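All values reported here derive from a predicted model rather than from experimental measurement.
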Amino acid sequence: MTLKELKDECTSGKWLPILVMRANDNGKPILPMFDTASLAAKFCKRNLPPNWLCGIVDLRLRDAQWMDDNGWKAIKFDYPRKLSDIVEFDVEVVEFEPEHNLVIKI
């Protein structure tokens, strides 16, 4: 599946796969967050298998509030440190409104 096909399918179905980390204690999703798309891209390259299709999504305030209300944690990373050998990565599927924007292909 190409990035365009994934974007079209997500947009038409109003869903989005989101990369999350899982803590061993409760299994609740932990969302890695970054100030820039380039920092997020570097983080993904260091931590995810090379065959994963990835994109960067701008998160709106109301989406962040929904995640907070549903027990998600967010951790802001200032450096793309390697975590793949100490953290389990997973994908959560969330519904969204059409104005979400996939910013960059990794």
Side-chain angles (χ1 to χ4, degrees):
M1 179 176 260
T2 67
L3 181 63
K4 180 182 177 350
E5 291 169 338
L6 177 63
K7 184 177 178 180
D8 291 346
E9 186 170 323
C10 291
T11 302
S12 67
K14 296 185 180 181
W15 63 274
L16 190 64
I18 305 259
L19 177 74
V20 296
M21 301 179 299
R22 301 270 184 206
N24 292 334
D25 54 350
N26 64 11
K28 291 280 189 180
I30 301 169
L31 183 66
M33 298 189 72
F34 310 91
D35 283 333
T36 66
S38 65
L39 183 61
K42 289 175 186 174
F43 179 89
C44 290
K45 284 182 182 179
R46 291 192 86 178
N47 286 287
L48 302 178
N51 62 335
W52 280 29
L53 181 62
C54 297
I56 311 302
V57 177
D58 289 327
L59 186 67
R60 296 170 308 188
L61 186 57
R62 67 176 169 234
D63 298 321
Q65 185 62 52
W66 176 90
M67 290 177 179
D68 188 51
D69 292 344
N70 286 280
W72 291 42
K73 284 177 43 179
I75 297 177
K76 182 180 163 205
F77 289 92
D78 297 320
Y79 179 78
R81 61 184 231 211
K82 184 165 173 52
L83 298 173
S84 58
D85 44 350
I86 59 172
V87 172
E88 180 182 330
F89 288 98
D90 197 2
V91 174
E92 284 280 331
V93 174
V94 295
E95 293 182 12
F96 71 94
E97 296 179 25
E99 63 266 16
H100 270 287
N101 185 25
L102 279 172
V103 178
I104 186 173
K105 179 183 176 192
I106 297 176

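- Residues Trp72 and Ile18 share a closest heavy-atom pair of CZ3-CG2, 4.4 Å.
- Considering CD of Gln65 and CG of Asn70, their distance stands at 10.0 Å, rounded to 0.5 Å.
- Using a 4.5 Å cut-off between side-chain heavy atoms of Ile, Leu, Val, Met, Phe, Trp and Tyr, with links allowed through other members, Ile75 and Leu39 fall into the same hydrophobic cluster.
- Relative ring orientation between Phe34 and Phe77 is described as parallel, the plane-to-plane angle staying below 30° on a 0-90° scale split at 30° and 60°.
- Atom CE of residue Met33 and atom CE of residue Met67 lie 8.0 Å apart, to the nearest 0.5 angstrom.
- Side-chain contact between Leu19 and Leu48 is present, with at least one heavy-atom pair separated by less than 4.5 Å.
- Nearest heavy-atom pair, Val20 versus Pro29, reported as atom, atom and distance to 0.1 Å: CG1-CB, 3.9 Å.
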